[in-house]
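The structure under discussion appears below in the form of structure tokens.
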Number of protein chains: 2
Amino acid sequence: MESPWKAISDSSRRKILLLLKERDMTPTEISKHFQFSLPAVSIHLRILKNSDLILEQKVGKNRIYSLNKEKALEMMNFFAGMWDYNLKSLKEFLENQKVVKR
Amino acid sequence: MESPWKAISDSSRRKILLLLKERDMTPTEISKHFQFSLPAVSIHLRILKNSDLILEQKVGKNRIYSLNKEKALEMMNFFAGMWDYNLKSLKEFLENQKVVKR
DNA sequence: TAGTTAATTAATTAATTATTTAACTATTTA
DNA sequence: TAAATAGTTAAATAATTAATTAATTAACTA
């Protein structure tokens, strides 16, 4: 497991997470949002996957990447700790709010 | 302004933030918690300060560093967005919880 | 005011990172 | 089964980063 903090330190990788927040995507689709090459995207995806921030699914010759929201929550907890909150209360908040919003 | 994401990608700097969460400290005090030299601590502090994660105060020949919780909240918001929450609702949650806890 | 203390800045070095092009692997399709 | 498609891996390179020791700055103190 690679460091998720190193993973999100790169702005392209943060942008990939925001893209995957909207919908699951293949490497080719993701690469359309960037200037750089498909191999570069592939490496960014590997780093995100190895740090557990995204999940990979093979479908035929495609790979579909999706956001791992649980990991995002876990990282969020680092900051929540600075306000004296923990993962549990934070998660309850997020899940309750979701019900209200819909 | 340097990237706060680059700043927190280093584990020593994350540890410094956790130390400052407990209490304000001088570089010398902080360096007692690490193996590496005072100049190395000074550089880490500069990076954290330049990314707005900590605040500096000069008192005589000492410098006192403190955590900037607002910046932590701002970064937390990146992750909150993945759960469809925004800074405002998150901050309200954190502040209300604080009242309850005390 | 000379010496001490607290901290930063400078110069250097070794390690890591992001990117490229080229080569390869796996899967589908004609 | 040959060709096409989707993607990853390899090798090379340029840029960035974390650390060190040495030098410097600023403020206090005897």
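First the proteins, then the strands, lettered A, B, ... as listed; each starts at 1.
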Rounded to whole Å, please give me the gap between CD in A:Glu2 and C1' in C:dA18.
13 Å

Nucleotide-resolved protein contact map, nucleotides 25-30 of chain C, B/S/- at heavy-atom distance under 4.0 Å
--BS--

ring-ring contact (aromatic ring centres under 6.0 Å, His included) partners of residues 13-33 of chain A, not counting sequence neighbours, each pair once:
none

Side chain to side chain donor-acceptor pair (under 3.5 Å) partners of B:Asn62, counting only residues at least two apart:
none

Whom does D:dA30 pair with, Watson-Crick or G-U wobble, provided both distances fall under 3.5 Å?
C:dT1

Atom CZ of A:Arg14 and atom C1' of C:dA18: how far apart are they, to the nearest Å?
14 Å

Of all residues at least two apart in sequence or in a different chain, which pass the ring pair (Phe, Tyr, Trp, His ring centres under 6.0 Å) check with A:Phe78?
A:Trp5

Mind calculating the distance between CD (A:Gln57) and C1' (D:dA6) to the nearest angstrom?
16 Å

All side chain to side chain contact (heavy atoms under 4.5 Å, CB included) counterparts of B:Lys61, not counting sequence neighbours
none

Under the salt bridge (Lys or Arg N to Asp or Glu O under 4.0 Å) rule, collect the residues that match up with B:Glu56, sequence neighbours excluded.
B:Lys49, B:Arg63

Residues passing the side chain to side chain donor-acceptor pair (under 3.5 Å) test with B:Lys6, sequence neighbours excluded, are none

NA contact type, B:Phe34, heavy-atom cut-off 4.0 Å: base, sugar-phosphate, or nothing?
nothing

Whole angstroms only, please: what is the CH2-P distance between B:Trp5 and C:dT17?
18 Å

Side chains of residues 35-44 of chain B: which donor-acceptor partners sit under 3.5 Å, not counting sequence neighbours?
residue, atom, partner, partner atom, Å
B:Ser37, OG, B:Ala40, N, 3.4
B:His44, ND1, B:Arg13, NH1, 3.1

Can you find a side chain N or O atom of A:Tyr65 that sits less than 4.0 Å from OP1 or OP2 on D:dA6?
no

If you define the side chain from C-beta out and look only at heavy atoms, does anything of B:Phe79 sit under 4.5 Å from A:Lys69?
no

What one-letter contact string describes nucleotides 16-22 of chain D from 5' to 3', where B marks a base within less than 4.0 Å of any protein heavy atom, S marks contact via sugar-phosphate atoms alone, and - marks no contact?
-SSSBBB

